[in-house]
A.B. asks: 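One structure is given below, represented as structure tokens, and several questions about it will come after.
Order of the sequence lines sets the chain letters (A, B, ...), proteins ahead of strands, with each chain counted from 1.
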Amino acid sequence: MDKKLPTEPYKGVRDFYPEDMAIQSYIFNTWKKTVETFGFERYDASILEPADLYKSKGAVNAEMVNDQTYTFIDRGEREVTLRPEMTPTVARMVAGKHRELSFPLRWYSIPNLFRYERAQRGRLREHWQLNCDIFGIEHYTADVEIIALAHQLLIDFGATPDMFEIQLNNRAEMSQIFAGLGITEPEVINEITRLNDRKKKITTEEYETALLSIVGDTALVNQIQEKLNCQNDTNEVLEGLKTLGINNVKIDRTIARGFDYYTGTIFEIVDTDPSNNRSMLGGGRYDNLLKMFKDESVTGIGFGMGDVTMRDFLETHNLLGAHITKTAPTLVIIPTDSDRNLDSQKIAHLFRQREVKVSVDLSNKKIGKKISDAVNRGATFALIVGPDELNSGNFTLKNLAFETEESGTIDTLLTYLISHTT
RNA sequence: GCGAUCAUCGUAUAACGGCUAAUACUCCGGUUUGUGGUACCGGUAAUCAGGGUUCGAUUCCCUGUGAUCGCCCCA
């Protein structure tokens, strides 16, 4: 009679059942570990931000703000947006304590971000993204450092350098290249940049036709292509990375990046496997982001890397598997019947005080079933608790992996268990 | 926002327009009233929603919903 609710999650977002959460935790933990070896500190903020943070001029690309954010009016008639990216938030936080913070900063966060878009491979409406930024260093070695971190992140998941490629570009250098060709109008540069971004997806003919319709001059079309194809291009960031032993990197003049706030280095890391031919990570340098909040400016460079694309990468290259561990209890206490549940819970407390992970099987299944359930859950030990054991004080601890048993008082078994777990 | 493909037990698959919609795994129970994953036996459980064509629709058509893949954009 009454209509039941669907059990599916909201469109484009995920439920994390324990087996998914195990993967998610592995990704987050690995991120955290690597990033902290680079001396980064963690911060976070609310998922809610005033809509103005994204709307103010030149903050981000207009399409994303207008068409791809979750924006609503709250009960106090404030316009609120679910954060679609973290950079404006961290810029706001840095600007807010500009005078108190001791630069340079190395900050990271793993926020969940929301974008209202059509879900597809590697793109969902909610994703988590590792965000790393260095604030307050103009020197190019900050660019090198942040890209070296991005590189190391993948290495620490077990990736080898042939599995991915770092693609570098520089907004300032692009402006110079265009200026050298006599192209100075920002509108035209913008159009060419957007076209370049799509270059790998379209044919050379399509590219040339589109480029011609922008610049209206065949000679110029050829000159632009020549500049873009220059394989020998290098810069100090590229050389710096090579000095650090990072060689799967190249200059790619078609790298564009969507956000308007980038002013210098921009980079992406792409999967070299053709079946997962996507950008997994992207970032760049921004000089003017704090100007929204203050007259003073602080330069920053950072990147974001998504959990969805990360998982796709790890699955594509078979880098998950052995790393994923379910959180199983070490010990399952098995009462022979429900009347022994409380006695069992009391015993469990003794083990928990010694930091043993214990669950008590409170079901009314038969003992054999409870034991096989414990095995299936991945427990290492099982302890049977029944009237005989409680009366005599003599218990049996089963080692489920080796199919051995140990008898004794709770105290001796506790000592035994602790000495047999690492 | 646009385009393509798809939608069957909890999961993965099967069924020419025609028998009670099948099989495997999972789950539950039993063989075994207090002790292990196996084996054997049994059980629960599905045609996304609404309309149309037809004697008859899981199958064909339309609409909606959802998913996947691509475009746009981006992690």
A.B. asks: May I have the distance from Asp271(A) (atom CG) to A75(B) (atom C1'), rounded to whole angstrom?
C.D. replies: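 In whole Å, A75(B) C1' and Asp271(A) CG are 13 Å from each other.
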A.B. asks: Where the side chain of Ile384(A) is concerned, which of C28(B), A75(B), U35(B) is the nearest nucleotide?
C.D. replies: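 Nearest to the side-chain atoms of Ile384(A), counting from C-beta on, is U35(B).
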A.B. asks: When you measure from the side-chain N and O atoms of Lys369(A) to the phosphate of C28(B), is any distance below 4.0 Å, counting only OP1 and OP2?
C.D. replies: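 So the side-chain polar atoms of Lys369(A) do come within 4.0 Å of the phosphate oxygens OP1 or OP2 of C28(B), strictly under.
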A.B. asks: Between the base of G34(B) and the side chain of Glu389(A), is there a donor and acceptor pair under 3.5 angstrom?
C.D. replies: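 A donor-acceptor contact between them is present.
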A.B. asks: May I have the distance from Asn196(A) (atom CG) to C73(B) (atom P), rounded to whole angstrom?
C.D. replies: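 Computing the Asn196(A):CG to C73(B):P distance gives 13 Å.
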A.B. asks: Starting at CG of Asn399(A) and ending at P of G37(B), how long is that distance when rounded to a whole Å?
C.D. replies: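 Those two atoms, CG and P, are 16 Å apart.
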A.B. asks: Any donor-acceptor pair, under 3.5 Å, between the side chain of Gln120(A) and the base of A67(B), if you only look at N and O atoms?
C.D. replies: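 Per atom types, no contact qualifies.
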A.B. asks: As a test of reading the structure: which of A67(B), A75(B), U35(B) is closest to the side chain of Lys11(A), going by heavy atoms?
C.D. replies: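 Nucleotide nearest to Lys11(A)'s side chain: A67(B).
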A.B. asks: Using side-chain heavy atoms (C-beta onward) and a distance below 4.5 Å, is Leu320(A) in contact with Phe157(A)?
C.D. replies: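 No - every pair of side-chain heavy atoms lies 4.5 Å or more apart.
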A.B. asks: Within the pair Arg198(A) and C71(B), is there a side-chain N or O less than 4.0 Å away from OP1 or OP2?
C.D. replies: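 For Arg198(A), the contact criterion (side-chain N or O under 4.0 Å from OP1 or OP2 of C71(B)) is not met.
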A.B. asks: When you check the phosphate oxygens OP1 and OP2 of G30(B), does a side-chain N or O of Lys366(A) lie under 4.0 Å from one of them?
C.D. replies: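 For Lys366(A), the contact criterion (side-chain N or O under 4.0 Å from OP1 or OP2 of G30(B)) is met.
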A.B. asks: Write down the distance separating the C1' atoms in U44(B) and C27(B), rounded off to the nearest Å.
C.D. replies: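 The same atom, C1', in both gives a distance of 9 Å.
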A.B. asks: Can you check the Asn376(A) CG to C28(B) P distance for me, whole Å?
C.D. replies: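 In whole Å, C28(B) P and Asn376(A) CG are 10 Å from each other.
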A.B. asks: With rounding to the closest Å, how many angstrom separate the P atoms on U68(B) and U47(B)?
C.D. replies: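 Nearest-Å result for U68(B) against U47(B) at atom P: 22 Å.
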A.B. asks: Does the side chain of Asp411(A) come under 3.5 Å of the side chain of Thr409(A) through a donor N or O and an acceptor N or O?
C.D. replies: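 Per modelled atom types, Asp411(A) and Thr409(A) side chains form no pair under 3.5 Å.
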A.B. asks: Between the side chains of Asp143(A) and Thr265(A), does any donor sit under 3.5 Å from an acceptor?
C.D. replies: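 Indeed, the side chains of Asp143(A) and Thr265(A) share at least one donor-acceptor pair under 3.5 Å.
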A.B. asks: Between Asp15(A) (CG) and U11(B) (P), how many Å, whole number?
C.D. replies: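 Rounding to the nearest Å, CG of Asp15(A) and P of U11(B) are 13 Å apart.
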A.B. asks: Taking atom CG as the centre, does Asn394(A) end up with more than 12 heavy-atom neighbours from other residues, nucleotides or ligands that are less than 6.0 angstrom away?
C.D. replies: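 Counting neighbours around CG of Asn394(A), more than 12 heavy atoms of other residues, nucleotides or ligands fall under 6.0 Å, so yes.
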A.B. asks: Surrounding CD of Gln120(A) (heavy atoms of other residues, nucleotides or ligands, distance under 6.0 Å), is the total greater than 12?
C.D. replies: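 Yes, CD of Gln120(A) has more than 12 neighbouring heavy atoms, counting only those of other groups under 6.0 Å.
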A.B. asks: Where the side chain of His127(A) is concerned, which of C72(B), G37(B), A75(B) is the nearest nucleotide?
C.D. replies: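 Nearest listed nucleotide: A75(B).
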A.B. asks: In whole angstroms, how far is the P atom of U68(B) from the CZ atom of Arg125(A)?
C.D. replies: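 The distance from CZ of Arg125(A) to P of U68(B) comes to 11 Å, rounded to the nearest Å.
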A.B. asks: Write down the distance separating the C1' atoms in G17(B) and U53(B), rounded off to the nearest Å.
C.D. replies: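 So the two C1' atoms sit 11 Å from each other.
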A.B. asks: Answer yes or no: are there more than 12 heavy-atom neighbours, outside Tyr17(A) itself, under 6.0 Å from its atom OH?
C.D. replies: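 Counting neighbours around OH of Tyr17(A), 12 or fewer heavy atoms of other residues, nucleotides or ligands fall under 6.0 Å, so no.
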A.B. asks: Please report the distance, rounded to the nearest Å, between CZ in Phe267(A) and C1' in A75(B).
C.D. replies: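 Atom-to-atom, Phe267(A) to A75(B), this comes out as 13 Å.
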A.B. asks: Quick check on G34(B): is either OP1 or OP2 less than 4.0 Å from any side-chain nitrogen or oxygen of Lys370(A)?
C.D. replies: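 It does not, given that no N or O in the side chain of Lys370(A) lies less than 4.0 Å from OP1 or OP2 of G34(B).
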A.B. asks: May I ask you to check whether Asn196(A) and Thr254(A) show a side-chain donor-acceptor distance below 3.5 Å?
C.D. replies: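 No, Thr254(A) and Asn196(A) have no side-chain donor paired with an acceptor closer than 3.5 Å.
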A.B. asks: Is any side-chain N or O of Arg311(A) closer than 4.0 Å to OP1 or OP2 of A75(B)?
C.D. replies: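 Answer is no, no contact under 4.0 Å.
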A.B. asks: Mind checking the C1' distance from U32(B) to A24(B)? Whole angstroms is fine.
C.D. replies: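 Looking at atom C1' only, U32(B) and A24(B) are 27 Å apart.
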A.B. asks: Glu403(A) side chain: which of G34(B), A75(B), G37(B) is closest?
C.D. replies: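 Looking only at side-chain atoms, Glu403(A) lies closest to G37(B).
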A.B. asks: Under 30°, 30 to 60°, or over 60°: which ring-plane class applies to Phe313(A) and Phe164(A), parallel, tilted or perpendicular?
C.D. replies: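 Ring orientation, 0 to 90° scale: perpendicular.
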A.B. asks: For RNA chain B, what dot-bracket results from Watson-Crick or G-U pairs at under 3.5 Å, with [ ] for crossers and | for inter-strand partners?
C.D. replies: (((((((..((((....[...)))).(((((.......)))))....(((((..]....))))))))))))....
A.B. asks: Within this structure, what is the CZ-to-P distance between Arg118(A) and G3(B), rounded to whole angstrom?
C.D. replies: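 Arg118(A) atom CZ is separated from G3(B) atom P by 9 Å.
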A.B. asks: Please state whether the phosphate of G36(B), meaning OP1 or OP2, lies under 4.0 angstrom from any side-chain nitrogen or oxygen of Lys398(A).
C.D. replies: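 Answer no for this pair, as no side-chain N or O of Lys398(A) is under 4.0 Å from OP1 or OP2.
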